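None of the values given here were measured: they were computed from a predicted structure. Because only heavy atoms are used, hydrogens play no part in the values below, and waters and symmetry mates are left out as well, while side chains stay in. Throughout, protein chains are lettered first and strands after them, A, B, ... in sequence-line order, and every chain is numbered starting at 1.
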Amino acid sequence: MLREFAPPELYIHPVDHYSNSASSAPFVLHRSNQGCQSNVSSQIVCTSSLSWIPPQSTNLTEKTLLPTSFREAYGQYKYLIEEEVSDLPSKFQNIVEQYLLCKDLETHAEAYCIVCGIGLDLYNYIGSQLITILSEYGNVLEATRLFYRLHDPDAFAWGAFISGYTSNGQENLAINLYYQMIQTNVEPNSHIFRVVLKACANALALLDGWEIHSHIIFSDRDSNIFVCSALLDMYMKCHRLEDARGVFEDMPEHDSVTWSTLLAGYASQDLGHEVLDLFCQMKKGGISPTPVTFISVLKACSSISSLEEGQITHSSLIEHGYEDNIYLGNSLIDMYSKCGLFEHAQIVFNRLHVRDVGSWNAMIGSCALHGRLDEGIYLFEKMQDEGVKPMIITYVNVLKAIADGAALDVGRTVHSSAIMDGIESDVFVGSMLVHVYVHCGSLEEAYAIFNNIPSPNAVTWGTIICGYAEHGLGTEALLLSKKMQENGVEIDQGLLVAVLKASESSSCLTQGQSFHALAVEWDMQHDELVGNALISMYATCGNLDDAINLFNKRPHRSTMAWNALISGLASQSPDYVHGREALTAFWQMIQVVQPNEITYMSILKVCSNLCALNQGNMIHAHLIEGGLRWELKVGNALIAMYLKCGNLEYASCVANTLPSWDIVTFNTVIEGFGRSGLVKQALHLFDEMLRNNIEPNDSTFISILSACSHDGLVEKGHEFFELMKLHGIGPKIDHYDLMVDLIGRAGYLNEAEDFLETMPLTTDFVGWMAMLTHCNRLVNVDIGRRSFSVLVKMDPSNASSYVLMSNLYADAGMLEDAEKLDNIRKSTNGAIKKPGKAFIEIGNKVHEFSVGCRGQDLSGPVYAKLQELRSQLKQNGYKPHINMAQGRSSKEEESMLWEHCEKIAIAFGLINTAEGSTLRVSKNLRVCSDCHDATKAISKVEKREIFIVDTYRVHHFVGGQCSCQDCY
DNA sequence: CTAGGGTTAG
């Protein structure tokens, strides 16, 4: 296939051409570090008007004798013409050659003009060299013009031309030129083959590579060591190990370069062991390694994380006297870093006599890998102080460190310096910036960056979609996923993981299934990460069968796969639908693989949700048994679990053994104390936290505000609400909702309503629900009605607002209104009450109960116990909370109350545990007022301590009283 | 005419 190429230009007389080229400066430079092209053109202009001084010497055969200026040489040339010396161009050629060998811009420019001026550029040899030089300066256009002025380009000229296109990133045009050359009957020589194979290697043009390989065999040059090296390299770059190996085996001899080419190929495909094997063979064959060989060997050591091999290689390269090679220094930094020895990387870096940008990149990359944010930033600044300009990869590395350290402020600083360098919209830098802002929780800034990247790739899309999904903005994540598909982004594994997370985060099974189909279409469903994301998505979206099916089909079940299953099952909060399955899976998992901190965090969360203290205890014991020094995160999860189960002693035991407390520890304990009604202690901890110089974050204020709310501390709540602003934290909707709850709980309904209506954010369902709850409690029909109408507009399908309002009417004696509302709920909008569920752990088993326990295999004794309690409690002053609105008899109503899942769970617990032992029940909704009163009475009659943990707080019942003091 | 292989990577 030949493509139309630029037609040859007409031959222009040298003198005419001279004036032409003077106006169109040929050295339009793209090289970043060479700046002053204005001098060049001015010089070109004055060149033409100079009068030439006759030379001092006419001995032009002396190659070493280089005139001080090219103009002087031109004078010699004129002199030679006058003297009518024969073989003139070849004499002048020597001078041209000398000049072209100098690598400075001004000489080149000057020589170029003069050479063109006298027509020497039309000689193949000089023309070829000029083409090479022009290409080096990135001026492909002028190189092309020059090439087409040549009368009869030879292979050398074609070679220069083809190689110029290759080095300027136009490999496909370069390959076409090769075919064009064959058509003009120029026989390709080994130089041409090398040059065109290089183009194929860069462009990964395997088909052309194969074709050219056949030309090479045909032309009998397949034993040329240079040609074979190029072939080898081409096959390696195209990932054709077999073909490359074939070329290598068939070669008549191997030298250090062919070996290095082979090793580099294996190293680039992360085949570390193969590289090390081949390296041994190479040495056995008596070939001495070069610095380039060592680069591949070091890369191999890091790819197999073998510090031992790395150190052997290090001493070996010192023996060979390559210690000061900068490439090797940089590779050593990388090797030590990837083999886990950050300090060694630092030593190598500090010992480098000369540092290039690669040295800084390797060291900053090492900081990023080892979480050394401060050092990374320091180096990033220092390199610039030393005049080394950061590259894209430098930014990528330093931003990675910043993202891992969630250092928002530093992130912004580096961001602005990326803007100064004009690369903030580069797709690599931009993707990393998106990642930084996502990881720091600033999604607005992340999205702004994302929007600014002209051609986002799969990674960019994946980062922003994951960002939204992981911050609970599933709907937004899904919208972006669809936009991504419309934009026709090429799908990769990471992107599939992202869109599956988006589906998971928005609990959208149908979307998840369609992305599953997409994964199958791209044949990526077997990829480890995609597979795990699928399992997690199905488990989270409640499709247990598919989750387990996919999990069982996995040939190899890694810790990650188990985590996907367990965290998926665990994440069904607040319904805890599959919490019990998650526990089963966990105990199976530890038989076969080692859990990690993610496993423990998910499973401890399950124990918290189910109030499964025994299970939690066993997992704690398992952790201690494993002898692992667990991460703070796991410690925090343990504390949270014990607090949620109402076991403050164990919680404080764990808290006291932690070597240090981080912000999560403080937040967890403050939240837990508040939940258990230990508000004074929670407030005290907040002060303690400040004294420890730990800056509170927005979660801290969630915890502290809800603690205030639990104790009705309105004043304190307002104080904290103002304090958070002083700490630079803008209150979010959750904080406003908590304030509404706090003010309402204290009985100031009007103030609470004012607060809602004047807040600067858009109100949400939670806030108005808090409002209606307190109206209900204080029987305020007026405000209650207004709240209800807002709630119905927001979410007509949510039954909880109807139920609350109906109860409010009933309590206010407005039975007709109550009944009307119930009928509307049942008939028109189909709003369904969320089914209540209660869990109780007996021994090591967690039992689940729902209202009326339909479908539960309950033995007679539980009902017998319920009947017994019913009559016992009545004698002890318990009055059933009968809602008169339902149109049923009070007897029926009372029976229904005794079908509540909390009561069944308690009855089940009472008959299945020893007398006097503590019961712990968890509830997926708030405990109802009737069950609350009944449990108070049960705790007295049965002489039991009972905990009911609901979504709001820990209720601790002892001797007829509850720790919440009926404030719930 | 001359020659090849390469560090840092979302």
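- Figure legend: cation-pi geometry between A:R355 and A:F349, with NZ or CZ positioned under 6.0 Å from the six-membered ring centre and within 45° of its axis.
- Checking B:dC1, B:dG5, B:dA9 against the side-chain heavy atoms of A:V292 singles out B:dG5 as nearest.
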Identify each donor-acceptor pair in which a side-chain atom of residues 430-437 of chain A lies under 3.5 Å from a protein atom, sequence neighbours left out, and give them as a table.
| residue | atom | partner | partner atom | Å |
| --- | --- | --- | --- | --- |
| A:S431 | OG | A:V427 | O | 2.5 |
| A:S431 | OG | A:T460 | OG1 | 2.9 |
| A:Y437 | OH | A:H415 | ND1 | 2.9 |

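- Atom CE of A:M391 and atom P of B:dT8 are 11 Å apart (whole Å).
- Ranking B:dG4, B:dT7, B:dA3 by closeness to the A:S190 side chain, first place goes to B:dA3.
- Rounded to whole Å, the distance from NZ on A:K198 to P on B:dT2 is 20 Å.
- The phosphate of B:dA9 has neither OP1 nor OP2 within less than 4.0 Å of any side-chain N or O from A:K400.
- With B:dT2, B:dT8, B:dG4 as the candidates, the nucleotide lying closest to the side chain of A:S229 is B:dG4.
- Atom CE of A:M236 and atom P of B:dG4 are 19 Å apart (whole Å).
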Without placing hydrogens or testing angles, list every side-chain donor-acceptor pair under 3.5 Å for residues 362-377 of chain A, not counting sequence neighbours.
| residue | atom | partner | partner atom | Å |
| --- | --- | --- | --- | --- |
| A:S366 | OG | A:S337 | OG | 3.3 |
| A:H370 | NE2 | A:S337 | O | 2.8 |
| A:R372 | NH2 | A:E343 | OE2 | 3.2 |
| A:E375 | OE2 | A:Q346 | NE2 | 3.0 |

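- With ring centers used as reference points, A:W461 lies under 6.0 Å from A:F450.
- Of the side-chain N and O atoms in A:K338, one or more sit less than 4.0 angstrom from OP1 or OP2 of B:dA9.
- Taking a pair as Watson-Crick or G-U wobble with both distances under 3.5 Å, DNA chain B contains no run of three or more consecutive pairs.
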